[in-house]
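The structure appears right after this line, and notes come after that.
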Amino acid sequence: MSETDSLKQESRMFEPPADLARNAAISGMEGYRTLCAEAERDYEGFWARLANENLAWHKPFTKTLDESAAPFYKWFEDGQLNVSYNCLDRNLQNGNAGKTAVIFEADDGKVTRVTYQELHDKVCQVANGLKSLGVKKGDRVVIYMPMSVEGIAAMQACARIGATHSVVFGGFSAKSLQERIIDAGAVAVVTADEQVRGGKQLPLKAIVDEAIGMGGCEHLKSVVVYRRTGGNVAMQAGRDLWLHDVTANQPATCEPEFVGAEHPLFILYTSGSTGKPKGVQHSSGGYLLWAMLTMKWTFDIKPDDIFWCTADIGWVTGHTYIAYGPLAIGATQIVFEGVPTYPNAGRFWDMIARHKATIFYTAPTAIRSLIKASEADANVHPKNFDLSSLRILGSVGEPINPEAWMWYYKNVGREKCPIVDTFWQTETGGHMITPLPGATPMVPGSCTLPLPGIMAAVVDETGNDLPNGQGGILVVKRPWPSMIRTIWGDPERFKKSYFPEELGGTLYLAGDGSIRNEKTGYFTITGRIDDVLNVSGHRMGTMEIESALVAHPLVAESAVVGKPDETTGESICAFVVLKRARPEGDEAKQIAKELRDWVGKEIGPIAKPKEIRFGDNLPKTRSGKIMRRLLRVLAKGEQITQDVSTLENPAILDQLKQAQ
Ligand code: PRX
C-alpha cells in the first residue's frame with residue numbers, strides 16, 4: 001500500500017483535550033464554524049474587524065480590500081502602521097516591558113534572557129545605526145545571520161525604519177548569496193563573523209566577501225558584522241563595520257517610520273519549478289495581522305506560554321513564528337542557535353524540560369531523525385525527560401507520516417497535547433490549513449481544515465471543484481491578507497506561477513496536490529505537483545540543481561528527481577551525462593563527489609544530490625523530451641511497468657537502473 005493510500009484509510013481520530021478546548025481562543029468546532037460563517041457572510045467585514053482589533057494603526061484604513069488590479073490584491077492600503085512598533089512599543093505600553101521576550105540558548109548551552117524593553121532598545125540602536133549608514137525607507141537590506149537575538153533585532157530594525165529585509169539562510173553558498181544581493185538590489189548586508197552549530201564554526205563574513213567579490217554588487221554600500229565568535233575576519237575599510245561600533249552611542253529610542261499597509265516588509269527567496277529562485281514579496285499590515293492571528297488561533301498562545309519554534313530565521317517559518325508573530329502577540333519564546341543532535345540527540349527534550357516550554361513547533365524531518373536516534377541510544381529518548389510543561393505540539397514544512405505523528409503524540413506529547421499539522425508556504429505568509437488545538441479532532445497525517453477566512457479547495461486541471469474523495473489540485477479561492485504580493489521585480493512570473501490562466505486566472509495555485517476525506521472533508525496534502533522537491537522541509541527546484549550541474553565543465557546534461565527518503569522525506573537523485581565516456585567504479589565515485597561538492601558551492605550544501613547516476617544518455621521521447629516519470633521510478637529502485645515504446649532509446653533504462 002502506498003503512503004497516499006494508507007493516508008486515505010487513516011481513520012484514527014484524536015479529540016482535543018477538554019480543558020484546553022474550554023479555554024482556547026477558538027473553542028470547539030462551534031467556535032470554528034462561527035468564525036467561518038462570519039467570513040463567508042461578510043468577507044471584507046470579517047478581515048476589517050480582525051485588523052482593527054489586532055493591530056495598532058497609526059492611521060486607520062478606510063478600504064479593506066482592493067481587487068481592481070487583481071491578482072495584485074491590496075489590503076488595508078490607505079492605513080499606516082509600523083511593524084516594529086506593533087511588536088515592541090506596544091508591549092512596553094501594555095505592561096510587558098519587563099517580560100522576557102527571548103530566551104536565547106547558544107550552541108554551547110549558554111542562556112541569555114532578553115526582556116521586551118531590552119529588545120526594544122537593541123532594535124532602536126540597530127535601526128539608528130542603519131540610518132547612520134544612510135539606509136532609509138524602501139532600501140533593501142540582506143541579512144545573512146546565525147540564529148541570534150541580533151538576527152531578530154536586524155529584521156525588526158529594518159521594519160522600524162521602513163527598509164525591506166531579505167534574510168538569506170546561513171546554509172546558502174556565496175553564489176546564492178550574491179544572486180540574492182543583486183536581485184534585491186541591497187544597499188547593506190548584515191552578517192556575523194562566524195556561525196556556530198553543533199560545535200563547529202562556519203565563516204559567514206568570509207562568504208559575504210566571496211559573494212561580493214563575484215561582482216555585480218555595486219549598489220551595496222555597507223557590510224555590518226556582528227561579532228559572534230571573535231574569529232578572524234577581513235574588514236574592508238569604508239565598507240565593513242562592526243555592529244557594536246555602528247550601534248555604540250546610538251540612542252535606545254528610534255521614532256518608527258510609519259508606512260502604508262502594503263509597504264514591502266520583506267522579500268524571501270524560495271524555489272519554483274523553473275528558473276532561478278523567486279523573491280516572494282510580503283506586505284506589512286496584512287502579513288502582521290495573520291502572523292498575530294495564527295499565534296492566537298493555531299497555537300492558542302496565552303500570556304504565560306513559553307513558545308518554541310525550532311526553525312531558522314532564514315526560512316519563512318522563522319520570519320512569521322520567531323521574528324514577528326510571537327513578538328506581536330507579546331509572548332516569551334525560546335530561540336536556539338544550535339542543532340537538535342548536539343551535544344546529543346536529547347537536546348530538544350532537555351531544552352523543553354529546562355525552559356519549561358509549553359508550545360513546541362518543529363519539522364517532521366527533525367522528529368524522524370530523533371526517532372531513529374532514540375532507537376539507537378535509549379538515553380536520548382524523550383521518556384527520560386520531564387516534558388510535562390508541554391501543552392501543544394506543532395509540525396511544519398512537509399507532510400508528517402502517521403507513524404511519526406503517533407510517535408510525537410505519544411512520546412513527546414504524552415497523549416495529552418494536540419498536534420497542529422500546519423500546512424502553509426513561503427507565499428502564504430502564515431498557516432493556511434491546520435487543526436485548531438482546542439477545536440479540531442485530529443487525524444494523523446492530515447492537516448484537517450482551513451483556518452477561518454481561508455477559502456481552500458481541491459479542483460481539477462481546469463479549475464472546477466472536485467468532490468471529496470477525489471484527489472486534485474489545491475487552490476485558494478479568495479485573496480487573504482498575508483498572501484504574497486508579487487515576485488520581486490517580476491510581476492509577470494507572479495501572475496503565471498500563482499494565478500495561471502488554465503485555472504481561470506483567479507484561483508491561487510499552491511503547487512500542491514490534495515485530497516479531502518469523504519466523511520470529514522479533511523484535507524491531506526499529497527505532495528508537490530510541480531518540479532519542486534522537499535528535502536528535510538527545505539524547498540528546492542529540480543531545475544536549479546540541474547542548472548548547477550550542467551555549469552560544471554564535465555557535465556553535458558542532467559535530470560534531477562526526488563526519491564522518497566525515510567528521514568528527509570525526499571532525497572535528491574541526479575542522472576548525469578558527461579561530455580566524456582560514462583565513468584564506472586572508483587572513477588564514478590570520485591566524479592560524483594566532485595559534482596556534489598560543486599552543487600554545494602553553486603547553491604549550498606542542502607542542495608547536494610544524495611545519489612548521482614551516470615548514463616550515456618537520458619531516457620527521451622522521439623521529440624527529445626526527458627521522461628522524468630521513468631527516472632522517478634528508476635530512482636526508487638522499482639520496476640518500470642509503463643509503456644516505454646515512445647522512447648527513443650529504451651536501452652538506456654537498464655544502464656540507469658543501478659546506483660553507483
Ligand atoms: O509542499 C508543501 C510543503 O512545503 C511547501 C512549502 O514550502 P516552503 O515555502 O519552504 O514553506 C515551508 C514552511 C511553511 C508546501 O507547498 N508543506 C509545508 N507544510 C506542510 C507541507 N506539506 C504537507 N503538510 C504540511 N503541514
Side-chain angles (χ1 to χ4, degrees), residues 3-4 7 10 167-169 171-172 266-273 277-282 287 290-291 294 298 309-322 325 361-368 393-402 404-405 408 419-435 440 442-451 454 456 473-476 482-484 487 497-498 508-515 522-542 544 562 568-570 606-607:
E3 175 112 278
T4 318
L7 282 169
E10 177 66 61
V167 184
V168 178
F169 176 59
F172 277 117
F266 66 86
I267 304 164
L268 185 57
Y269 288 85
T270 191
S271 295
S273 51
K278 335 182 236 203
V280 172
Q281 180 183 319
H282 277 288
Y287 171 80
W290 201 227
T294 48
T298 312
C309 164
T310 68
D312 191 284
I313 51 168
W315 308 114
V316 74
T317 310
H319 281 57
T320 309
Y321 300 107
I322 296 177
Y361 189 37
T362 197
T365 290
I367 298 165
R368 287 191 296 260
L393 301 175
S395 170
V396 59
E398 42 176 329
I400 180 164
N401 48 310
W405 195 102
Y408 196 28
I419 298 178
V420 288
D421 173 4
T422 59
F423 167 82
W424 60 295
Q425 312 175 288
T426 305
E427 294 87 343
T428 67
H431 303 152
M432 298 296 278
I433 310 181
T434 174
T440 322
M442 292 157 289
V443 171
S446 167
C447 51
T448 73
L449 296 168
L451 285 167
I454 302 300
I473 300 170
L474 180 67
V475 296
V476 186
S482 70
M483 69 191 292
I484 174 177
I487 292 175
S497 310
Y498 301 110
Y508 168 80
L509 175 69
D512 285 284
S514 181
I515 184 164
Y522 279 11
F523 288 73
T524 290
I525 305 297
T526 50
R528 298 286 307 190
I529 53 170
D530 51 12
D531 291 322
V532 170
L533 305 183
N534 194 325
V535 182
S536 304
H538 299 153
R539 189 166 147 182
M540 247 148 338
T542 49
E544 251 177 286
T568 59
E570 261 185 310
I606 50 170

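Values below: all heavy atoms of this structure, side chains included; hydrogens, waters and symmetry mates excluded. Atoms within a ligand are numbered from 1 in the order they appear, just like the ligands themselves.
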Determine whether T320 and W424 make a side-chain contact, defined as any pair of heavy atoms from C-beta on separated by less than 4.5 Å. yes
Shortest non-hydrogen separation from N534 to E570 and the atoms involved: N-OE1, 2.9 Å
For G397 and ligand 1, does the shortest N/O to N/O distance drop below 3.5 Å? yes
Could you identify the single nearest non-hydrogen protein atom to atom 6 (C) of ligand 1 and state the distance to 0.1 Å? W424 O, 3.7 Å
Near V396, which atoms of ligand 1 are under 4.0 Å from a heavy atom of that residue? 13 (C), 14 (C)
Residue T426 vicinity, atoms of ligand 1 by number, heavy atom under 4.0 Å: 8 (P), 9 (O), 10 (O), 11 (O)
Atom 23 (C) of ligand 1 - nearest protein heavy atom and its distance: P399 N, 3.2 Å
Do F266 and Y287 touch side chain to side chain, with heavy atoms closer than 4.5 Å? yes
May I ask you to list the atoms of ligand 1 that are less than 4.0 angstrom from any heavy atom of N534? 3 (C), 4 (O)
Do you know which of D421, V476, L474 makes side-chain contact (heavy atoms from CB on, under 4.5 Å) with I433? L474
Which word best sums up how the rings of H538 and F169 line up, parallel for under 30°, tilted for 30 to 60°, or perpendicular for over 60°? tilted
Could you see which bit of E398 sits under 4.0 Å from ligand 1, with heavy atoms only: side chain, backbone, both or neither? backbone
Give the residue, atom name and distance (to 0.1 Å) of the protein heavy atom nearest atom 7 (O) of ligand 1. R539 CD, 3.4 Å
Please check whether T270 reaches ligand 1 - meaning an N/O of the residue sits under 3.5 Å from an N/O of the ligand, judged on distance alone. no
Consider every N or O of T317 and every N or O of ligand 1, then say whether any pair is closer than 3.5 Å. no
Under the 3.5 angstrom rule, does the side chain of S446 hit a backbone N or O of T448 as a donor-acceptor pair? yes
Atom OH of Y522 and atom CG of L449: how far apart are they, to the nearest 0.5 Å? 5.5 Å
Under 3.5 Å between any N/O of S395 and any N/O of ligand 1: does that happen in this structure? no
At what distance is the nearest protein heavy atom to atom 16 (O) of ligand 1, and which residue and atom is it? D512 OD2, 2.4 Å
With sequence neighbours left out, the residues meeting ring-ring contact (aromatic ring centres under 6.0 Å, His included) with F423 are none
